[in-house]
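Working notes for the structure below.
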Amino acid sequence: MKKLSLTIVGIIFCVLASLAQGNSQAETNHANTLQVYRAIETGDVSKLDQFIDNNIVDHSGPHGDMVGLDSAKIMFTEMHDHISNLKMDPVAYATGGDYHFDLVRMTGTTNSEYMGMPANTPIDMTSVNVVKIKNGKAVEHWRYIDASQMMQMMQMMHGEHEDHQMMNNTDSTKQNP
């Protein structure tokens, strides 16, 4: 009976130690993710080499895969420069193995044309970021966006574009009876 009790206590200890280690890794990954989000919000990308590998592959780049820390820094700086009041608010996160998952809400307003959006376009979207981590640094990134939110944003952009086209067509119609 004593051997069984000691075995059970040993198993419980191992499970708790494993959970504690996993939680500390999740907390570390979350803290690093927050640092990346703050860099995007402030435009200060000078310390990103502490969290992102030099050869990172971002599978969610604006034009497909984007490779390298320098490319990520340029993209983050452009986001900051083109979106005023940019805020990245994490909603939930988890770590599993070499992967960190983060549900984040991004808000702001474009202050100039950016990625097909005219100036003064409000941004309010939620996405899931998946980051593969090796040796404590992000080596790959994927972003998954709610399709309905993306469609709403595209419709809003398309609607504004149609309004401008209609005004131009009306003006040209007046000139050419």
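What you see is a predicted model, and the numbers here were worked out from it, not measured in a lab.
Counting only heavy atoms from C-beta outward, the side chains of F101 and Y144 never approach each other to under 4.5 Å. Between V45 and T77 the shortest side-chain heavy-atom distance falls below 4.5 Å.
Residues V131 and A138 approach most closely at CG1-CB, 3.3 Å, considering heavy atoms. Minimum heavy-atom separation, I145 to M125: CD1-CE, 3.3 Å.
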Show me the donor-acceptor pairs, under 3.5 Å and distance only, between side chains in residues 60-69 and residues at least two apart or in other chains.
from	atom 1	to	atom 2	distance (Å)
S60	OG	R143	N	2.5
D65	OD1	H59	ND1	3.0
D65	OD2	H59	ND1	3.4

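With hydrogens and angles ignored, the 3.5 Å screen pairs a side-chain donor or acceptor of N111 with a backbone N or O of D81.
With sequence neighbours excluded, no residue forms a ring-ring contact (aromatic ring centres under 6.0 Å, His included) with H141.
Partner of Y37 under the side chain to side chain donor-acceptor pair (under 3.5 Å) criterion, out of N32, D89, N129: N129 alone. A side chain to side chain contact (heavy atoms under 4.5 Å, CB included) with T33 holds for exactly one of D102, T28, V104; it is D102.
Within 6.0 Å of the CZ atom in R38, the count of heavy atoms belonging to other residues, nucleotides or ligands exceeds 12.
The distance from atom NE2 of H100 to atom CD of Q25, rounded to the nearest 0.5 Å, is 10.0 Å.
Judged by distance alone, the side chains of H82 and T110 never bring a donor and an acceptor atom under 3.5 Å apart. N29 and T95 share a donor-acceptor pair across their side chains, judged by distance under 3.5 Å alone.
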